[in-house]
Amino acid sequence: MPDTDALDVADMQATANGDRAAFDRILLRHQDFLVNFFRRLGACQGMAEDLTQETFVRLYKWRTRYRPAARFVTFLFTLARHAWADAQRKRGRRIAMATAWDPEFHDRGKEETPHHDLRLDMQDALLQLEEGQRMVVLLNTFEGLSYAEVGTALGIPEGTVKSRMFHAMRKLRAYLSEKGYDDEHPNAPASAP
Amino acid sequence: MNTLTPPLPPLDPEAELEALLPAYFQGQTTEEETARVEDALRTSPPLQEAADEVLRVLDALQTLPRHTVTRSLRESVHAELDTPLPLRERLRPYAAAALFLLLAGGFVWMQAFPRAGQDPVPDIPPLADAGDTDAIRPPHTPAPYADNADHDPHAHAVAHVDPSGDLRAPSTEGSRTPTPEDTRDPARAAAAWLARTQRQDGSWDIEHYGGRKHLAVGVQGLALMALLQSGEEYPLQVVRAVDHLQSLQNEDGSFGGGGARMYNHGIATLALLHAYPRYPLPGTDSHYRSIARGLAFTSRSQGADGGWGYFGTEVDASNTAVTAWQILALQEARRLGLLPDDAPVLDTALAFLQRQAGDGTAVRYGNVLVRQQTDAMPVMTALCLLQSDDPDARRIAQALIQTYTPADSAEPGRLDPYRMWFVGRTHAGTAPPFRRALARTQIEDGIDAGSIPALTSDWGHIGGTVYATAMNSLAASL
């Protein structure tokens with residue numbers, strides 16, 4: 001995630017002063033990241049967009065009380081995490097999961113896009129992680145939050161973040177190995193460019 | 001507190017080091033943590049094995065698709081914000097006010113109690129102290145350098161270039177400010193954006209534009225190469241970038257550190273070499289010394305098998321891509337006469353690469369066999385082997401080129417500039433579909449005109465906008 005902290009903080013202050021256009025800039029800057037966050041947590045596209053919308057509504061309501069004590073995205077993902085938890089409570093944990101309907105999962109082996117099977121397997125592997133571990137992995141590896149920032153966003157100590165990351169990585173490593181993404185597998189990813 | 005998962009027991013010291021690996025590879029560890037991880041990596045085979053596997057997991061995670069919104073969230077958010085609350089919701093504040101009046105001294109209580117009509121209170125960070133303005137940095141607004149030339153120590157250097165000293169020496173006009181005409185050509189427009197966003201000290205704010213910290217040195221090198229390839233239009237910016245790259249060199253002669261150290265080192269050394277003959281400025285001695293120290297480190301850190309791995313250490317397993325970058329730098333150094341003909345480092349490195357390429361049907365990345373046409377590795381291997389003195393190596397290179405250089409980018413709507421740069425250098429031409437895709441993707445207007453959005457390009461998710469713009473510019477310039 002690009003570091004837009006200075007812009008975000010300035011726009012949040014303008015939003016607090018009644019500038020809706022500033023709020024729109026924040027929305028446009030972060031909507032895709034939030035949709036991806038919810039999709040990777042397991043929501044389908046429609047639910048991910050609903051949750052993103054809900055997160056921004058909450059953000060707007062917080063506009064006058066927000067203070068830039070930490071990176072803005074830390075605060076945004078705190079709101080996102082609460083939106084996700086509330087949605088799960090309201091729906092009895094029946095959030096539509098991507099794997100249940102996503103046509104991509106029914107087209108395995110048909111597409112020749114590079115890493116297609118690996119991509120689907122990684123979606124599957126992520127969904128097999130405990131939710132707390134999944135959030136740590138997503139916030140750190142996709143959103144670029146440091147362990148301390150992940151802890152702030154999730155409301156847990158940094159040590160717990162490390163512990164969750166440790167166990168998540170062990171599971172993902174075992175998953176890749178079990179699926180045959182080892183040294184001789186043709187889809188085995190290169191480790192760098 | 002999050003109660004989604006039960007608490008886990010504390011990690012023992014070895015497990016904590018393993019837990020730090022993802023942060024280490026993403027450049028998020030502190031200096032102390034980095035030192036601890038690197039010390040342990042030198043001595044602990046289990047941690048080395050874990051590091052390899054964690055890298056594989058991190059890269060596999062990056063294959064996940066990137067989604068975008070499919071409807072206008074702006075409109076739906078505004079609609080929800082503008083919808084009048086039902087009567088019951090509107091009365092709630094009055095009820096709260098009544099409670100406030102009923103409870104003398106209820107101010108403290110009200111602070112602790114959520115106001116009516118609001119969502120559950122998230123765990124927001126504590127409030128900043130009043131007047132804590134350090135937390136609010138001004139937006140990144142690069143200065144127009146032509147206006148600052150009087151105050152720039154590099155301007156003096158540019159002003160003393162002798163135009164007759166080199167065929168491609170820069171003009172003595174010093175810096176120029178990018179003009180609207182630059183936007184007509186995608187590569188020139190990209191170079192103009194790079195010139196505009198360069199900071200006074202010659203660096204680019206890689207992290208500000210979405211790049212990972214541990215790749216920043218290499219991306220600075222690519223940005224310098226993009227400016228160089230655009231012609232002689234930005235001599236002052238080039239001098240600044242060269243100066244800044246030199247300042248990033250470590251005491252041992254290497255560039256960068258951590259999990260991408262040798263990528264950074266190879267690219268930075270190559271960038272300095274590209275700049276070397278074109279800008280024979282006062283201060284060239286330091287430029288030469290920097291290159292020489294860099295090449296000495298390249299030579300010292302070569303593995304027994306002739307290759308290099310990520311870390312440039314003796315315990316590091318060699319891989320093809322990292323080795324190819326070192327070879328490109330060594331070949332450029334030899335071409336410039338900066339590497340003695342009898343220096344064995346280049347020949348042993350090419351021998352490693354030749355072994356990795358086998359008979360020219362596929363290339364191994366470490367131990368991984370790469371057969372996909374969209375991977376850059378076979379093409380970068382071919383580019384290195386093409387310049388070998390060994391006819392067998394050149395034959396293998398030709399075989400690889402025939403198999404692995406389709407004329408299109410990796411996926412429709414997606415740019416693959418990293419591979420296309422190597423394709424272009426082996427073919428002395430860049431595919432028209434790539435240029436068309438680039439023209440469609442490049443931002444045309446506004447302050448970011450000329451830049452390439454990071455997520456449209458392969459590896460842009462870790463290199464950021466500076467990487468995407470520089471790499472696409474390089475690929476399109478050929």
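Throughout, protein chains are lettered first and strands after them, A, B, ... in sequence-line order, and every chain is numbered starting at 1.
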With side chains defined as the heavy atoms from C-beta onward, is the minimum distance between A/Leu176 and B/Glu53 less than 4.5 Å?
no
Considering only heavy atoms, which portion of B/Glu16 lies under 4.5 Å from any heavy atom of chain A: side chain, backbone, both, or neither?
side chain
Given a strict heavy-atom distance threshold of 4.5 Å, which part of A/Asp24 is in contact with chain B: side chain, backbone, both, or neither?
side chain
Select, from A/Leu172, A/Val35, A/Val161, A/Thr141, the one with the greatest count of heavy-atom pairs under 4.5 Å involving chain B.
A/Thr141
Can you give me the closest heavy-atom contact between A/Glu49 and B/Leu73, atom names plus distance?
O-CD2, 3.7 Å
Any B/Glu80 side-chain heavy atom under 4.5 Å of A/Glu54 side chain:
yes
Inspect the surroundings of CD in A/Glu158 and state if more than 12 heavy atoms from other residues, nucleotides or ligands are less than 6.0 Å away.
yes
Heavy atoms only, distances under 4.5 angstrom: which of A/Lys162, A/Gln53, A/Met169, A/Met165 has the most pairs with chain B? Name it, please.
A/Gln53
If you define the side chain from C-beta out and look only at heavy atoms, does anything of B/Asp82 sit under 4.5 Å from A/Arg20?
yes
Bottom line for B/Ala260: the part with an atom under 4.5 Å from chain A's heavy atoms is neither
Can you see which heavy atom on B/Gln28 is nearest to which on A/Leu145, and at what distance?
NE2-O, 3.7 Å
Is there a donor-acceptor contact under 3.5 Å from the side chain of A/Tyr60 to the main chain of B/Val77?
no
Where on B/Glu33 is there a heavy atom nearer than 4.5 Å to chain A: the side chain, the backbone, both, or neither?
side chain
Under 4.5 Å from a heavy atom of chain B, the part of A/Val137 involved
side chain
Check whether B/Leu58 gets within reach of chain A through its side chain, its backbone, both or neither, counting any heavy atom under 4.5 Å.
side chain
Heavy-atom cut-off 4.5 Å, strictly under: side chain, backbone, both or neither for A/Leu28 against chain B?
neither
Nearest non-hydrogen partners of B/Ala19 and A/Phe166, listed with the distance
CB-CB, 3.8 Å
Chain B contact via A/Leu27 - side chain, backbone, both or neither, heavy atoms under 4.5 Å
side chain
Is any side-chain heavy atom of A/Gln31 closer than 4.5 Å to one of B/Arg74?
no
Contact part of A/Tyr175 toward chain B, heavy-atom cut-off under 4.5 Å: side chain, backbone, both or neither?
neither
Within a strict 4.5 Å, meaning less than it, do heavy atoms of the A/Tyr147 and B/Pro22 side chains meet?
yes
